[in-house]
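Read through the structure below, which is laid out as structure tokens, and then see the notes.
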Amino acid sequence: MTNPTDRVLSRAERQAMPVALDVAVEIAKHNGVCIRPVVLRRLDTHTGTTEDVNVPCGATMEAKCPPCAKRNRYLRMAQCREGWHLEAEPSITPDEPNEEQRWLVEFRADTQAQRDAAEQAGDDTTDLDAVLAGLDEEINAAGMRGNLLGRTAAKRNRSTRRRQDAPDLPKRVRQNTTLGRTFTGSDGATYRPSLFVTLTLPSYGKVRAGQGVPVDPDTYDYPRAARDALHFSKLVDRFVQNLRRVAGYDVQYFSSVEPQKRLAPHLHMAVRGTMPRAEIKAIAAATYHQVWWPSVDEVRFEGEHLPVWTERPEHAEPYPDGQDGDYLDPATGELLPTWREALDRLDADEDAEPLHVVRFGPQVDVQGVLSGTPDADQCIRYLSKYLTKSLGDTLDADNPAQRAHTARMTEALRYEPCSPACPNWLRYGVQPKNAKADMAPGRCRGKAHKPEHLGYAGRRVLVSRKWSNKTLSEHKRDRRTWVMEALGLADEVPDPHRYVWKPVPAGDDNIPSLALRLLRMVAERQRWRATLLALEARATGQDLSAVREAA
């Protein structure tokens, strides 16, 4: 229905009016409601009724859904705070297997014996293989971790001898504990300090203070910066391994990866327990990661001269990776080496050098932190500061120099292989792992090649398994339990087999508009908040109106 006032307004005046949907989105943000809810259809198997439920998207990026990103940030802060200064070992004893689990494993053992006997006799094992695959799925569904097959592919082993240009690491006797040392002060009090460590990558050229842009872009080492960003996550893993070896105990950590203004990722890490600062810096200096990939020094295919895909004949033996075709040189018809063949050639070359060696820079900051102090709270806020943003969101889009710096970094990443399956390997005459048709260099869809990630494709938050002895879902459950108790409702664990969830197809006429769904979710959130405020006022004896004004 057209608003009568629209007839007397000019086009410019109508365009200046706010859009109703935009207003609804802003109201949803203000009330902490997800602005991109996913509609799922829930079937109650007990009653047979169906219901459409708005499920929060759970996005971790500010650009997608700020309320969900904010909630996730608070969850991470709670996870960091709860595990940083534990005073007792986390309980990690697995449960005893039940009768069903024992029976499944025993039955699989009998079936495996039948399969092995059939193979030795030269009989067809297709049916038995299908039975074993089904049993493996049932074993995991019965509540058991891992699998019984172990490693199905041979592992490539390289020399573990340290590089001559890297200092040696000391090694202490390993103790079976995750807790750091305690110290007794002169007043008799016991202290259990922990560490807050910041690690950065080396310099690629002089940058302007406060801006992070190169003073001379022509001499700035963009290729090395791109490769360091691509393999930064592997360097962090190696640092943790070295840290645990030197510390002598099972070091637990909570860390986050954030961008610097010069576009290089760096790491903030909360470490349970303490070590001398000099040792932490020595570990960082001795940590490196070698990338043993085929060489990319020679560009063999570019522009219109690209490898051609050809299907493999039906009678040909398939590759172990399941590849059903090959790329060949359009000029000679020669098949390009597969990823496995390229690595075999690299292993056979005794004089081969790694494609890249990534190291930390000399800037290593180590701070001691005590539990319950303002410094601990500040470090936790700093660890989660950028978790609601992507790596590219921290850039100043209005700064021409930084835009040019970002464009050069993106171009340096364009043809760098980000993984064994990256299409950029075709540029250097190697078929990517699990190659497919229509691959082309410079068109990788991997996370690392997207401008908002700046080459870093790893996880933004890295948490060790014994940090708080809880998963993020369990921390979320704790928050739900607190809310339900505050509302006076029973926090019953739902039966996971009662409901069947299905996505609602696009264009379903029974789904209300996004604006209407947001308004309903806002109303529900306001009702919850009013109930919580009333309970708080009742507990503290305050006037309800005063509590509402304060909120």
Side-chain angles (χ1 to χ4, degrees), residues 204 214 217-231 263 291-349 352-356 391-392 400 403-457:
Y204 311 110
D218 294 334
T219 60
Y220 194 82
D221 197 346
Y222 282 102
R224 188 160 66 97
R227 292 181 182 178
D228 280 357
L230 288 170
H231 303 286
L263 309 185
V291 183
W292 288 99
W293 283 354
S295 174
V296 295
D297 294 336
E298 178 186 358
V299 177
R300 292 189 53 189
F301 302 96
E302 61 180 337
E304 299 296 330
H305 180 62
L306 296 176
V308 178
W309 173 262
T310 177
E311 298 286 346
R312 290 177 59 82
E314 295 183 1
H315 61 275
E317 290 292 332
Y319 286 130
D321 297 331
Q323 186 174 323
D324 57 359
D326 292 286
Y327 278 98
L328 51 84
D329 190 325
T332 64
E334 178 186 3
L335 292 178
L336 301 185
T338 64
W339 177 255
R340 189 185 300 272
E341 292 170 346
L343 291 186
D344 290 341
R345 295 178 184 179
L346 187 64
D347 291 342
D349 187 359
E353 293 290 334
L355 172 65
H356 184 62
L391 293 177
R403 288 202 306 269
H405 181 42
T406 304
R408 294 188 187 96
M409 183 67 173
T410 304
E411 183 62 26
L413 288 164
R414 181 180 179 185
Y415 293 110
E416 280 291 334
C418 64
S419 69
C422 182
N424 286 339
W425 286 114
L426 294 174
R427 178 179 174 88
Y428 309 104
V430 176
Q431 296 193 58
K433 186 177 181 179
N434 301 328
K436 302 176 182 178
D438 300 327
M439 282 185 165
R443 298 180 183 177
C444 180
R445 298 180 180 179
K447 179 180 176 181
H449 290 286
K450 295 180 179 180
E452 61 267 26
H453 295 291
L454 301 173
Y456 179 76

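Take Glu311 and apply the side-chain hydrogen bond (donor to acceptor under 3.5 Å, both in side chains) test, not counting sequence neighbours, and it matches Trp309. In this structure, the salt bridge (charged side-chain N to carboxylate O under 4.0 Å, His left out) partners of Arg300, at least two apart in sequence or on a different chain, are Asp329. Pro337 meets the side chain to side chain contact (heavy atoms under 4.5 Å, CB included) test with Glu341, Arg345; sequence neighbours excluded. Among residues two or more places apart in sequence or in another chain, the salt bridge (charged side-chain N to carboxylate O under 4.0 Å, His left out) test is passed with Glu302 by Arg427. Partners of Thr332 according to the side-chain hydrogen bond (donor to acceptor under 3.5 Å, both in side chains) rule, which considers only residues two or more places apart in sequence or in another chain, do not exist here. With sequence neighbours excluded, the residues satisfying side chain to side chain contact (heavy atoms under 4.5 Å, CB included) with Glu411 are Arg414, Tyr415. Partners of Arg408 by salt bridge (charged side-chain N to carboxylate O under 4.0 Å, His left out), not counting sequence neighbours: none found. By the side-chain hydrogen bond (donor to acceptor under 3.5 Å, both in side chains) test, Ser295 is found to be paired with Asp297, residues two or more places apart in sequence or in another chain being considered. By the side chain to side chain contact (heavy atoms under 4.5 Å, CB included) test, Asp438 pairs with no residue at all, sequence neighbours left out. For the side-chain hydrogen bond (donor to acceptor under 3.5 Å, both in side chains) test, no residue two or more places apart in sequence or in another chain qualifies with Asp218. Scanning for side chain to side chain contact (heavy atoms under 4.5 Å, CB included) contacts around Pro423 gives Met439, Cys444, with sequence neighbours left out.
Heavy-atom minimum distance, Asn424 versus Leu413: ND2-O, 4.5 Å. Shown here for Trp292 and Leu343, the closest heavy-atom pair between the two residues is O-CD2, 4.0 Å. Here the closest heavy-atom approach between residue Cys418 and residue Leu230 is recorded as CB-CD2, 3.9 Å. Shortest non-hydrogen contact noted between Leu263 and Thr406 is CD1-CA, 3.7 Å. In plain terms, the two heavy atoms of Pro330 and Val308 that are nearest each other are CB-CG2, 3.7 Å. Considering all non-hydrogen atoms of both residues, Trp293 and Pro417 come closest at CZ3-O, 3.5 Å.
Using a 4.5 Å heavy-atom threshold, the side chains of Tyr428 and Val299 count as touching. Between Phe301 and Pro441 the shortest side-chain heavy-atom distance does not fall below 4.5 Å. Residues Pro294 and Leu355 have side chains not in contact (no heavy-atom distance under 4.5 Å, counting atoms from C-beta outward).
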Problem set entry | Step-by-step side chain to side chain contact (heavy atoms under 4.5 Å, CB included) determination, Leu426 to Leu306 | CA-CA 8 Å; Leu426 294 174; Leu306 296 176; over 6 Å; no
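Residue pairs meeting the side-chain hydrogen bond (donor to acceptor under 3.5 Å, both in side chains) criterion with at least one member in residues 221-231, sequence neighbours excluded: Tyr204-Asp228, Asp221-Arg224, Tyr222-His405, Arg227-Glu416, Asp228-His356, His231-Lys234.
Under the 3.5 Å distance criterion, the side-chain polar atoms of His449 are left unmatched by any main-chain donor or acceptor of Arg443. A donor-acceptor contact shorter than 3.5 Å is absent between the side chain of Trp425 and the backbone of Val296.
For the atom pair NZ of Lys433 and CZ of Arg340, the computed distance is 7.5 Å after rounding to the nearest 0.5 Å. Expressed to the nearest 0.5 Å, how far CG of Asp326 lies from CG of Leu335 amounts to 5.0 Å.
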